[in-house]
**Student:** 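Pasting a structure below so you can have a look.
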Amino acid sequence: NNGDLFINGSTDGAVGGTLTVTATTGDITDTEDLAVTGASSFTTSATNATITLDAGTLNLAGGVTLSTTGTTGHATIDNHTNALEIDTSSVGGNLTLVSGHVNGITDDGNVTVGGNFKATTDANSGAISLGTMLVDGTVSLNTNGTGDATIVNDNGLEFTTSDVNGDLSATATAGNIIQSGNLEVALTSSFTTSATNAMITLNTNTNNLAGGVTLSTTGSTGHATIDN
């Protein structure tokens with residue numbers, strides 16, 4: 001589509017197979033319900049064009065691939081009461097994901113985010129399980145009920161305001177773990193830095209780590225500081 005692309009489910013919002021959508025010079029948005037049985041791919045070709053799928057009732061049953069470019073090329077997906085699997089993707093701006101399913105939000109392939117990343121489960125004690133993230137900006141994780149959250153980021157890991165109502169497991173494979181917002185975890189917390197001498201520093205904002213805390217660093221200057 002040469003311009004903005006509006007997905008209007010009142011015409012035919014059910015795709016039995018896979019769905020591939022590309023907007024060459026504008027944004028991708030939705031106004032009505034959309035259900036896709038197979039995999040979905042959404043691409044904006046123009047620099048800083050956005051993907052925003054959160055208006056209608058979304059049911060992307062298969063893996064979802066997202067592609068935007070530019071620092072304000074943001075992407076937002078709200079899959080409502082359905083599980084949300086993000087496949088290999090590259091988002092130039094911020095990435096926001098929402099699911100209300102018990103299986104929550106998962107990834108299958110590297111998910112590159114040039115800006116900030118926020119994942120939220122808003123029903124059914126949905127979990128967040130993300131093992132192949134490459135986020136350059138901040139990370140916010142929020143779970144419903146007793147939902148757990150797991151994230152492995154192939155960079156440093158900077159938490160902004162997060163509220164995990166189950167267990168939290170956070171790993172930074174190539175940098176430090178720090179914070180720029182409040183961090184609340186209802187059950188246990190585990191923080192790991194894999195790189196030699198990478199640090200864990202969680203003392204600059206208000207923390208409420210209610211359960212046991214496990215820390216893991218390597219190297220003689222791989223220090224860890226927690227202020228609860």
Side-chain angles (χ1 to χ4, degrees), residues 1-101 104-122 128 130-142 151 153-155 158 160:
N1 186 65
N2 188 17
D4 291 338
L5 179 58
F6 302 94
I7 299 173
N8 187 342
S10 64
T11 303
D12 183 5
V15 178
T18 62
L19 172 65
T20 300
V21 176
T22 301
T24 60
T25 61
D27 304 323
I28 297 174
T29 62
D30 64 338
T31 58
E32 299 289 343
D33 300 347
L34 176 65
V36 181
T37 301
S40 303
S41 175
F42 303 95
T43 299
T44 54
S45 302
T47 301
N48 294 324
T50 61
I51 300 169
T52 307
L53 302 175
D54 63 354
T57 298
L58 207 60
N59 182 4
L60 306 179
V64 178
T65 299
L66 304 171
S67 179
T68 70
T69 61
T71 57
T72 58
H74 308 312
T76 299
I77 304 291
D78 185 345
N79 213 29
H80 293 267
T81 59
N82 307 292
L84 178 57
E85 176 191 306
I86 299 298
D87 290 347
T88 301
S89 297
S90 180
V91 175
N94 301 332
L95 174 60
T96 301
L97 304 176
V98 181
S99 169
H101 192 275
I105 300 169
T106 59
D107 58 355
D108 185 10
N110 293 337
V111 180
T112 301
V113 182
N116 302 323
F117 173 65
K118 184 175 183 179
T120 301
T121 60
D122 57 5
I128 298 170
L130 301 167
T132 53
M133 301 298 295
L134 294 87
V135 179
D136 290 339
T138 61
V139 171
S140 175
L141 303 176
N142 304 275
I151 187 166
N153 198 45
D154 190 24
N155 287 304
E158 179 182 345
T160 189

**Student:** Within the distance-only criterion (no hydrogens, no angle test), does the side chain of Thr57 pair as donor or acceptor with the backbone N or O of Asp33 below 3.5 angstrom?
**Tutor:**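 Answer holds: no.
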**Student:** Start with the C-alpha distance between Val36 and Thr18, add both sets of side-chain angles, then the distance that settles side-chain contact (heavy atoms from CB on, under 4.5 Å), and finish with yes or no.
**Tutor:** CA-CA 7 Å; Val36 181; Thr18 62; 5.8 Å; no
**Student:** Between Asp87 and Thr65, do the side chains contain an N or O donor and an N or O acceptor separated by less than 3.5 Å?
**Tutor:**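 Not at all, the side chains of Asp87 and Thr65 share no donor-acceptor pair under 3.5 Å.
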**Student:** Looking at Ile86, is its backbone amide N or carbonyl O close enough to the side chain of Asp107 to form a donor-acceptor pair, meaning the two atoms are under 3.5 Å apart?
**Tutor:**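 No, Asp107 side chain to Ile86 backbone: no donor-acceptor pair under 3.5 Å.
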**Student:** Using 0.5 Å steps for rounding, measure from the CG atom of Leu84 to the CG atom of Asn59.
**Tutor:**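 Output value for this atom pair is 10.5 Å.
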**Student:** If you define the side chain from C-beta out and look only at heavy atoms, does anything of Leu19 sit under 4.5 Å from Leu34?
**Tutor:**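 A side-chain contact under 4.5 Å exists here.
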**Student:** Can you give me the closest heavy-atom contact between Ile105 and Thr120, atom names plus distance?
**Tutor:**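 Answer, listing the atom of Ile105 first, then Thr120: CD1-O, 3.5 Å.
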**Student:** Determine whether the side chains of Thr138 and Asn116 contain a donor N or O and an acceptor N or O closer than 3.5 Å.
**Tutor:**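 The criterion, which ignores hydrogens and geometry beyond distance, is satisfied for Asn116 and Thr138.
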**Student:** How close do Leu141 and Phe117 get, heavy atom to heavy atom, and via which atoms?
**Tutor:**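 Shortest heavy-atom separation between Leu141 and Phe117 comes out as CD2-CE2, 4.3 Å.
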**Student:** Are Asp78 and Thr76 close enough that a side-chain donor and a side-chain acceptor fall under 3.5 Å?
**Tutor:**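 No, no side-chain donor-acceptor pair sits under 3.5 Å.
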**Student:** Which heavy-atom pair separates Val64 from Ser89 by the least distance, and what is that distance?
**Tutor:**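 Looking at all heavy atoms of both residues, the closest pair is O-OG, 3.8 Å.
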**Student:** To the nearest 0.5 Å, what is the distance between OG1 (Thr44) and NE2 (His74)?
**Tutor:**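 Those atoms lie 11.5 Å apart.
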**Student:** Measure the shortest side-chain to side-chain distance between Asn155 and Asp136 over non-hydrogen atoms and say whether it is less than 4.5 angstrom.
**Tutor:**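 Yes. Closest side-chain heavy atoms under 4.5 Å.
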**Student:** First locate atom CD1 of Ile28, then atom OG1 of Thr52, and finally report the distance between them rounded to the nearest 0.5 Å.
**Tutor:**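 One finds 9.5 Å between CD1 of Ile28 and OG1 of Thr52.
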**Student:** Are the side chains of Thr132 and Asp154 in touch, meaning some heavy atoms are under 4.5 Å apart?
**Tutor:**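 Of all side-chain heavy-atom pairs linking Asp154 with Thr132, none is under 4.5 Å.
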**Student:** If you take all heavy atoms of Val135 and Gly115, which pair is closest and at what distance?
**Tutor:**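 Closest approach of Val135 to Gly115, heavy atoms only: CG1-O, 3.7 Å.
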**Student:** For Lys118 and Asn94: C-alpha separation, side-chain torsions, deciding distance, then whether side-chain contact (heavy atoms from CB on, under 4.5 Å) applies.
**Tutor:** CA-CA 8 Å; Lys118 184 175 183 179; Asn94 301 332; over 6 Å; no
**Student:** Is the closest side-chain heavy-atom distance between Asn79 and His101 below 4.5 Å?
**Tutor:**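 Contact flag for Asn79/His101 side chains = no.
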**Student:** Taking the side chain as every heavy atom from C-beta outward, state whether Asp54 and Val98 have any pair of such atoms under 4.5 Å apart.
**Tutor:**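 No, side chains not in contact.
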**Student:** Check for a donor-acceptor pair, side chain of Ser99 on one end and backbone N or O of Asn82 on the other, with a separation under 3.5 Å.
**Tutor:**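 Side chain of Ser99 to backbone of Asn82: a pair is present.
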**Student:** Looking at every heavy atom in both Thr160 and Ser140, which two are closest together, and how far apart are they?
**Tutor:**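 Minimum heavy-atom contact is CG2-CB, 3.5 Å.
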**Student:** Any non-hydrogen side-chain atom of Ile77 less than 4.5 Å from a side-chain atom of Leu58?
**Tutor:**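 The answer is yes; the side chains approach within 4.5 Å.
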**Student:** So do Thr43 and Ser41 actually touch side chain to side chain, heavy atoms under 4.5 Å?
**Tutor:**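 Ser41 vs Thr43: side chains touch.
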**Student:** So among Val111, Leu95, Thr112, which one has a side chain to side chain contact (heavy atoms under 4.5 Å, CB included) with Leu66?
**Tutor:**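 Result for side chain to side chain contact (heavy atoms under 4.5 Å, CB included) with Leu66: Leu95.
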**Student:** Between Asn142 and Ile128, what is the shortest heavy-atom contact and its length?
**Tutor:**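 In terms of heavy atoms, the two residues are closest at O-CD1, 3.7 Å.
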**Student:** Nearest 0.5 angstrom please: Asp122 CG to His80 NE2, how far?
**Tutor:**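 Nearest 0.5 Å value for the CG-NE2 distance: 9.0 Å.
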